[in-house]
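These notes concern the structure reproduced below.
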There are 2 protein chains.
Amino acid sequence: MIFPLSRAVETRSGDPLQMQKNLRKPTLSEVAALAGVSEITVSRALRGSSMVTADTIRKVQVAAESLGYLRNRLAGALAGGPSNQVGVILPSLSNIVFPDVLKGLEDRLEHAGFHPVLGISNYDPEKEEHLIRNLLSWRPAGLVIAATSMTATSRGLLAASGLPVVEIMDIDTPPIDMAVGMSHRAAGLDMARHLIGRGYRHLAYVGHDIGRDNRAMARLQGFRSGLQEAGLALEGQVVLTEPSSVALGRRGLAQLLQANPKQVDLVYFSNDDMAVGGVFHCMAEGISIPGQLAIAGFNGLDLGQSLPRRLTTTASHRSRIGEMAARVILERLNGQETVHLTDVGFTLIAGETA
Amino acid sequence: MIFPLSRAVETRSGDPLQMQKNLRKPTLSEVAALAGVSEITVSRALRGSSMVTADTIRKVQVAAESLGYLRNRLAGALAGGPSNQVGVILPSLSNIVFPDVLKGLEDRLEHAGFHPVLGISNYDPEKEEHLIRNLLSWRPAGLVIAATSMTATSRGLLAASGLPVVEIMDIDTPPIDMAVGMSHRAAGLDMARHLIGRGYRHLAYVGHDIGRDNRAMARLQGFRSGLQEAGLALEGQVVLTEPSSVALGRRGLAQLLQANPKQVDLVYFSNDDMAVGGVFHCMAEGISIPGQLAIAGFNGLDLGQSLPRRLTTTASHRSRIGEMAARVILERLNGQETVHLTDVGFTLIAGETA
DNA sequence: CCACCGATTGACAGCGCTGTCATTCAGTGA
DNA sequence: TCACTGAATGACAGCGCTGTCAATCGGTGG
């Protein structure tokens, strides 16, 4: 364990000078007075309304500039103007998956002048409900949620909000409003079929906290169905109740091989981080991949594709999910017809580890 | 390249029913009428004011519940109540570093009932300025920014805002208001000294887009100073103008070794992702680590510590930075005395790759 | 019995902006 | 010449809430 040191280098007291500045922010009416027009004209000019003369716009801009005027969106949104905030609830930020989604989402939102307001649920339905309530109380323009298993109240809140609501990541359950994602069940099934087609017959699974991550659970179910189709069953399984990580995957494989020596010829991991951990374990123990043991993951991370042998995995289109989520929200806000269910699909990567 | 497929499974038009619901959200006064008290009493009861009878609170809660009342923070904040939003500007989400920071930040903010409002600058000062203006216009309670090189206007906006502003990640330049981070220069210097102490004399560097990531730049400068102290200089250098990734590190090392065959005995990478790429390159090419070539990185990611041989690197305390940033903001908001500069330090990890 | 007190509750104004109507005014065709 | 038109601007009210001060009221000590 590594402990950080925190050191206070310099201190000061609660600066009254800055507080003062805070008190007197110029308002629309001050800009209006300076520009010699009415408040509403300033409002329109600054928002780029088409019914203000170029001349007036210039005057207003000069006045606003010279006063250091900064629009107050709080007042604007309250007065009936549009909000440009979008609530975003994610279960975690501990691996790159949700940041990827968030990146795609932020990118598209930003282009349209919107901002994500973030909440992390930690896979906790109670906290999720709490976050929904909180974010909704800011009257956002929409909500994006990578839900864990939502409470009835959560669903009710979202349905009653009347806002565009996008449930992201998986499309295996019918959405309240809209959904963007992929079928994790299908991804697991697809991988099972692929591996069986490659000749593997003694398959095992190493997973992370599956009780909370129901998408990993869905993949496992799909994988099992695939085995069943071929008259097979999992010959070993290690599920550790911790968040996924490379270290956990390494530990998990060690544990699996200790319990099931020899007979296993392939291990399906709950995701790429875990799988890379498995690869590292093999490297450290001199187990040849895929000769002695084959390995497959899920996500298609850069990491796995940069291994000495490219990881066999399923690419999920994460930033695409974020982008599409932003897109359907923006479409809805524009009054356009929107898609209820968007399947961004997945792509099997036949790498060199299985 | 892998292309996603997007498929519209179901469509519908811009639901007028939901719009309706949206129109009639119950307000304070409706709750007040139902509970038989005044608006302000409802307001106080719902906010947990101490000067409302337990009895009244119960009445109000029942009324609010039965109407499905949802507080409007927009109105509250406009009327002078506190905002619980904190603007957060980060340069990127493409590796785990900033998500780690964000995680620590969100966690602490959430405990205090605050939400981060996010903006990604993409290391672009113009966009950063734009984001500052936008986020400020929502009158947040504070702002956290992992700045790239800020424009004068950006600095002016922040200074004039009168808000608690925390510049995070590095403390190498004096902050506008508060800073939380570490000295990247010192980290580079520290690593150079460590490696020289271990006997390495022919050192090279492989880095990513250093023109934009000025923290990586600071580490390199520190590293160079360390070499200079010992009468040494970099014997090779590859800097690729792309965002860092495992794949890029792998490519970068290949390029370096092609240009400088043999003589180099250690490569310092701009971060762990890059360094792991370097390790993978060596594995693939049969170069022994650290015998033929030693490798060092920066960040102390789980990934590097799970390699067959633990990566030699410097652990940055990322989630700690987020936590401390939240902390100083909350302290300031509580009117407490705050620390101007918080150094969370770093920890050299003497791994097995150098 | 009365001025006084602390604990509750309420009336009121206004936060800063925008939607919804007027209003103004130069130009237009009959 | 005159009603009429469209473009530009403005007056007004109010979004939903909270800070500030005032009012109420049962209890208290002198």
Side-chain angles (χ1 to χ4, degrees), chain A residues 19 22-60 63-64 67-85 134 136-141 161-162, chain B residues 19 22-60 63-64 67-85 134 136-141 161-162:
Chain A
M19 300 289 157
N22 199 8
L23 292 180
R24 284 275 21 107
K25 293 240 189 231
T27 68
L28 258 199
S29 75
E30 290 167 53
V31 177
L34 183 58
V37 296
S38 70
E39 291 183 34
I40 187 66
T41 299
V42 174
S43 173
R44 289 199 269 245
L46 260 25
R47 280 180 298 158
S49 164
S50 59
M51 45 178 178
V52 183
T53 320
D55 221 44
T56 309
I57 293 182
R58 216 166 299 122
K59 263 193 313 190
V60 168
L67 288 175
Y69 172 75
L70 195 65
R71 184 174 172 194
N72 184 337
R73 305 291 258 93
L74 242 36
L78 181 62
S83 165
N84 69 353
Q85 298 194 143
N134 259 272
L136 244 27
S137 75
W138 282 99
R139 300 294 187 265
S161 75
Chain B
M19 300 290 157
N22 200 7
L23 292 180
R24 284 273 23 103
K25 291 242 190 233
T27 68
L28 257 198
S29 74
E30 290 167 53
V31 177
L34 183 57
V37 295
S38 69
E39 291 183 34
I40 186 65
T41 299
V42 174
S43 173
R44 289 200 268 247
L46 259 25
R47 279 181 298 157
S49 164
S50 60
M51 45 178 179
V52 183
T53 319
D55 221 43
T56 309
I57 292 182
R58 216 165 300 123
K59 263 194 313 190
V60 169
L67 288 175
Y69 172 74
L70 195 65
R71 184 175 171 192
N72 185 336
R73 306 290 258 97
L74 241 38
L78 180 61
S83 165
N84 70 353
Q85 298 194 145
N134 259 272
L136 244 28
S137 75
W138 282 100
R139 301 293 188 266
S161 75

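Just so it is clear, the model here is predicted, and its values are computed rather than measured.
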Original post:
What distance separates Leu70(A) CG from Trp138(B) CH2, expressed to the nearest 0.5 Å?
Top reply: 12.5 Å

Original post:
Which residues, if any, of residues 32-40 of chain A bring a heavy atom under 4.0 Å of DNA chain D?
Top reply: Val37(A), Ser38(A), Ile40(A)

Subject >> Contact nearer the 5' end of DNA chain D, comparing Met51(B) with Leu74(B) >> reply: Leu74(B)

**OP:** Would you mind reading off the distance between Leu78(A) atom CG and dG16(D) atom P, rounded to a whole angstrom?
**Re:** 7 Å

Original post:
Closest heavy-atom contact between Val52(B) and Ala45(B)?
Top reply: CG2-N, 4.1 Å

Subject >> dG10(D) base / Arg44(A) side chain donor-acceptor hit below 3.5 Å >> reply: yes

Subject >> Rounded interatomic separation in angstrom, taking NZ from Lys25(B) and P from dC17(D) >> reply: 12 Å

Original post:
To the nearest Å, how far apart are Ile57(A) CD1 and dA8(D) C1'?
Top reply: 11 Å

**OP:** Kindly state each residue pair satisfying side-chain hydrogen bond (donor to acceptor under 3.5 Å, both in side chains) with at least one member in residues 68-82 of chain B, sequence neighbours excluded.
**Re:** none

Subject >> Bending between helix ends of the helix from dC1(C)-dG30(D) to dA30(C)-dT1(D) [5 pairs per end, 10° resolution] >> reply: 40°

**OP:** Using whole Å, report how far CG of Leu28(B) lies from P of dC15(C).
**Re:** 19 Å

**OP:** May I ask you to evaluate whether Arg73(B) reaches the phosphate of dC17(D), defined as a side-chain N or O under 4.0 Å from OP1 or OP2?
**Re:** no

**OP:** Ignoring the backbone of Asn72(B), work out which of dT9(C), dG19(C), dG16(D) is nearest its side chain.
**Re:** dG16(D)

Original post:
Does anything in residues 41-55 of chain A pair up under salt bridge (charged side-chain N to carboxylate O under 4.0 Å, His left out), and if so which pairs, sequence neighbours excluded?
Top reply: Asp55(A)-Arg58(A)

What pairs of donor and acceptor atoms, side-chain ones from residues 75-83 of chain A against any protein atom, are under 3.5 angstrom apart with sequence neighbours left out?
| from | atom 1 | to | atom 2 | distance (Å) |
| --- | --- | --- | --- | --- |
| Ser83(A) | OG | Gln85(A) | N | 3.1 |

**OP:** Could you pull out the closest heavy-atom pair between Pro26(A) and Gly68(A), with the gap in Å?
**Re:** CG-O, 3.7 Å

Original post:
If you measure from CG on Asn84(A) to CG on Asn134(B), what distance do you get to the nearest 0.5 Å?
Top reply: 6.5 Å

**OP:** Let me know the distance between CZ of Arg47(B) and C1' of dG16(D), rounded to the nearest Å.
**Re:** 12 Å

Subject >> Under 4.0 angstrom between Ser29(A) side-chain N/O and dC17(C) OP1 or OP2 >> reply: no

**OP:** Round to a whole Å and report the spacing from CG of Leu46(A) to P of dG16(C).
**Re:** 16 Å

Subject >> Leu46(A) side, atom CG; Leu28(A) side, atom CG - distance, nearest 0.5 Å >> reply: 7.0 Å

Subject >> Among dT18(C), dT9(C), dT18(D), the nucleotide that comes nearest once only the side chain of Arg71(B) is considered >> reply: dT18(D)

Original post:
In whole angstrom, what separates Arg139(B)'s CZ from dC17(C)'s C1'?
Top reply: 11 Å

Side chains of residues 33-41 of chain A: which donor-acceptor partners sit under 3.5 Å, not counting sequence neighbours?
| from | atom 1 | to | atom 2 | distance (Å) |
| --- | --- | --- | --- | --- |
| Ser38(A) | OG | Thr41(A) | N | 3.4 |
| Ser38(A) | OG | Thr41(A) | OG1 | 3.1 |

Original post:
Is any side-chain nitrogen or oxygen of Thr41(A) closer than 4.0 Å to OP1 or OP2 of dT9(D)?
Top reply: no

